[in-house]
Each structure stands twice: as C-alpha cells, then as structure tokens.
Amino acid sequence: MQYLRAFLVLLIILLQPKTSLSVTCSSQSLPGNKLYEHCTDLTNLNSFLHWSYNSSSSSLRIAFVAPPAKPDGWIAWAVNPVEPKMVGSQALIAYKQADGLMTVKTFNVSSYSGRSIAPSKIAFDVPEMEADYTDGVMRIYATIVLPKNTRPVLNQVWQVGSSVSTNGIPGVHAFKDDNLKSMGTLDLMEGGGSQRIIRTSSASKGANSRFIMRNFHGILNAVSWGFLYPLGIFIARYMRVFPSLEKAWFNLHIACQLLAFVIGVFGGGATGIILGSQSQGIQHNDHRNIGIVLFIFATLQILFAVFLRPEKDHKYRVYWNFFHHGVGYMIAVLGILNVFKGLDILDPERKWRVAYIAVLGVLGGIALVLEAITWVFVLKRKSNNSTKPSNGDNGV
Ligand SMILES: *[C@@H]1O[C@H](CO)[C@@H](O)[C@H](O)[C@H]1NC(C)=O
Ligand SMILES: *[C@@H]1O[C@H](CO)[C@@H](O)[C@H](O)[C@H]1NC(C)=O
C-alpha cells in the first residue's frame with residue numbers, strides 16, 4: 001500500500017506538465033508595474049496570460065503577452081462564448097500601425113476567411129484596452145466586462161501572425177502545430193493553474209488529430225504522386241533500353257504506378273477530402289483543384305493503359321503512345337507541383353522541404369546519367385541496324 005502511494009505520488013509529479021513553466025510566467029514582470037493576481041502559461045506560441053477577475057463586477061483584467069510571428073505582425077487573444085475555436089471568437093488584436101504606434105482593436109471573428117475580418121464591436125464591453133511592444137513581445141492590456149451570468153470557465157483562443165495590411169487587417173496566421181492548438185479554457189474560479197489549459201480539453205484533441213491527419217496526408221501524397229509516380233516513369237523510360245530487363249521493366253512500371261495510384265487516391269486523396277470538408281472557410285483552392293485534376297488524369301491513364309492499349313504493331317499504337325507519355329509526364333509534373341503547394345500550406349520544418357528537394361535532385365541526377373546512356377544505346381543500335389537489314393522494330 002505504501003509503495004502504491006509512493007508510486008502514485010511519483011506518477012503525479014512526473015505527469016505535472018512542466019511546473020518550471022509557471023516559473024517563466026511568474027518571473028515575468030510587466031512594464032509599468034502592472035499587477036495581476038494570476039499568470040497562466042498558455043503552452044503554445046510562447047504566450048502568457050496575466051489576469052485578475054473581480055466577480056462582483058464580473059470584470060476580467062488581462063495582460064496577454066506573446067511574440068508576434070514577425071516584427072510587423074500581430075498578436076490576438078479572444079474569448080469565444082460558444083466553444084474553444086477561432087470562429088465566433090470575440091478577439092482583441094494588437095499590431096503596429098503605419099505610424100509606428102501600437103494599437104489594439106476588437107474583432108468579431110465570424111468566419112475563417114481572412115477577407116471577412118475587420119474591426120468591429122464584440123459581445124463584451126471593453127472599457128480599457130491598450131498595447132505595447134518591447135523586447136520582441138507584444139502585450140495587450142484590457143479590461144473586459146463579462147455578462148453577469150457568464151460560466152466561470154471561459155473558452156480562450158490566442159494567435160500570432162506575421163503581417164498586417166495597410167488598412168489594419170491582420171493577415172492569415174501560419175498553420176503549424178502551435179497555431180492550431182492555441183486554444184483552451186480559463187477557469188475564473190480556479191485561479192489559473194497552468195495545467196488546466198488545453199492539454200486535456202477536447203478542442204486540443206481535435207486539433208491534434210487534425211494535425212496528425214495533415215501530416216499523414218502530406219506524407220502519403222509526397223510518397224505516391226511526388227516519388228513513386230515519377231519513379232515509375234523512370235523505370236519505363238530507362239530500364240527498357242537494356243534488352244535483358246525487357247520483362248522486368250514492364251512489371252515494375254505497372255507495380256509502381258498502381259501503387260502510386262492506390263496510395264495517392266485511397267490514402268492521400270481521401271485524407272485530403274476529409275481535411276477539406278473540415279476546414280470551413282479556409283480554402284486552398286489551387287491545391288484542391290490540382291488534386292482533382294490529378295485524380296481524373298491518373299484514372300484515365302490507368303483505364304487507357306489497362307483496357308485500350310493496342311498491340312505493339314497496331315497502326316494506332318503510335319497515337320496511344322503519344323497520349324500515354326503526354327498524360328504520364330503531365331501527372332508527374334502536377335504531382336510534384338502539388339507536393340510543393342501542400343508544403344506551403346502545411347509549412348513544416350524546413351528540413352522536410354529540403355529533404356524532398358534533395359530526393360528530387362537525386363532522381364533528376366540519375367535521370368540525366370541514364371538519359372545519356374540511353375542515347376548511346378539507341379544511337380549504337382541505330383548504326384548497327386543501318387548496316388544490317390532492318391527488322392522494323394525500334395521499340396521506344
Ligand atoms: C470589484 O468590483 C466592485 C464593484 O465595481 C468594486 O467595488 C470592488 O472594489 C472591486 N474589487 C477589486 C478587488 O477591485
Ligand atoms: C458577430 O458576428 C456574428 C456573425 O456574423 C453575429 O451573429 C453577431 O451578432 C456578431 N456579434 C456582435 C457583437 O456584433
């Protein structure tokens with residue numbers, strides 16, 4: 001029993017999410033000696049919320065502290081009366097104006113579309129608000145008067161962005177893990193233990209599974225359209241030149257393209273459709289349209305290859321070849337292009353983009369060498385054939 005108790009205590013200590021973070025929070029001092037009763041470490045985007053709540057006047061005084069994504073960017077903190085997510089947020093957004101002074105404005109964020117975001121009235125009275133910007137962090141100071149019967153557990157959402165348009169509209173934020181998880185609850189009665197934030201809330205789980213699915217989608221499509229598919233073209237183009245590989249190239253080519261198609265459509269495409277249907281408001285039109293075109297062409301390509309391929313010496317075979325090669329190269333180009341579009345959206349750590357470019361570089365290098373070898377082979381065969389009686393079959 002004692003051991004069990006000791007074990008439980010140890011477990012609790014280990015599971016306490018980084019108590020050192022609260023040191024960061026409390027060791028922070030705000031300019032102008034502004035004082036708040038509580039400080040909550042917001043766990044994402046290096047942000048902090050200092051706050052005091054006066055329940056008899058139901059007024060919440062906050063100081064939200066966060067580094068903007070870029071010096072000309074913005075920071076935002078919001079209460080969402082409905083649920084912990086961006087749409088519906090009653091937001092305070094701070095940024096540097098054209099004249100260089102900091103400002104903070106209220107925004108009723110009614111959709112995910114950046115176009116419809118503009119300063120507006122919000123559901124709460126905000127009798128005081130100001131902002132400052134020193135040492136790389138912006139701070140929003142505000143007093144918010146909550147409706148009298150407000151539930152003591154608020155949904156809070158916070159965010160940082162990298163740009164603001166000249167007319168004071170904040171630009172779209174990034175879509176990294178941190179940007180998607182920056183939401184949680186704030187328990188006004190509890191006194192702001194940092195552990196209460198986000199880690200256990202369902203919003204975080206939703207954001208988390210979405211994040212995993214985005215990565216899954218990216219990897220499946222990069223592997224299928226971005227790698228296997230071009231590899232299959234390589235195999236067809238370069239292996240067939242070697243007479244000893246005559247049978248092997250054909251089977252490998254088919255295997256590669258079918259595998260690319262199955263992974264691309266059933267894995268990558270399906271996750272793409274789910275992600276697209278979940279992201280209300282934010283639309284990545286180019287990425288989606290290229291994906292649809294890819295799917296249509298790849299399906300046509302397979303149908304034509306499997307069911308409508310004329311015999312080698314058929315008089316229409318040359319047209320079929322033209323179609324098959326043309327569509328094939330187009331799919332490869334669109335596939336790679338869409339991998340890059342996806343990388344722009346997902347915005348992963350730099351190393352992923354670099355790794356993908358390196359893989360393409362290696363493939364390209366190998367292609368150059370093989371292209372040269374192919375030409376040597378073809379020219380050799382031509383000169384052999386021109387001295388011997390032609391057998392009328394020149395393969396490619
Ligand atoms: C809370 O608000 C009430 C009513 O406005 C006020 O009388 C009181 O002094 C406030 N308490 C604190 C600690 O500010
Ligand atoms: C915020 O926008 C929503 C949707 O457009 C609207 O229903 C709501 O009344 C607005 N809230 C305020 C305080 O203007």
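In each ligand, atom 1 is the first atom listed, and ligand 1 is the first ligand listed.
By the 3.5 Å distance cut-off applied to N or O atoms, Gln90 is not counted among the residues near ligand 2.
Atom 5 (O) of ligand 2 has as its closest protein heavy atom Ser110 CB, 3.7 Å. Closest to atom 1 (C) of ligand 2 among all protein heavy atoms lies Asn108 ND2, 1.4 Å. Summary of contacts: the protein heavy atom closest to atom 9 (O) of ligand 1 is Asn54 ND2, 4.7 Å. Nearest non-hydrogen protein atom to atom 4 (C) of ligand 1 is Ser57 CB, 3.9 Å.
The cationic group of Lys96 does not satisfy the cation-pi geometry with Tyr133, failing either the under 6.0 Å distance to the six-membered ring centre or the 45° limit from the ring axis.
For the pair Asp313 and Arg317, the salt-bridge criterion is not met [side-chain N within less than 4.0 Å of a carboxylate O]. Taking the charged nitrogens against the carboxylate oxygens, Asp177 and Arg214 have no contact shorter than 4.0 Å, which rules out a salt bridge. With salt bridges taken as basic N to acidic carboxylate O contacts below 4.0 Å, one links Glu371 and Arg237.
Closer than 4.0 Å to atom 14 (O) of ligand 2 lies at least one heavy atom of the protein. Contact annotation for atom 11 (N) of ligand 2: protein present (non-hydrogen atoms, distance under 4.0 Å). There is no protein heavy atom closer than 4.0 angstrom to atom 7 (O) of ligand 1.
In terms of heavy-atom proximity, Pro81 sits nearest to Phe124 at CG-CZ, 4.1 Å.
For ligand 1, the atoms closer than 4.0 angstrom to any heavy atom of Ser56 are 1 (C), 2 (O), 3 (C). The Ala123 neighbourhood of ligand 2 comprises atoms 13 (C), with distances under 4.0 Å to a heavy atom of that residue.
With Met129 as reference, Thr106 is the one residue of Thr143, Thr106, Ile144, Ile62 to meet the side chain to side chain contact (heavy atoms under 4.5 Å, CB included) rule. Of the residues listed (Val160, Val164, Val104), the one engaging Trp74 in a side chain to side chain contact (heavy atoms under 4.5 Å, CB included) is Val164, and it is the only one.
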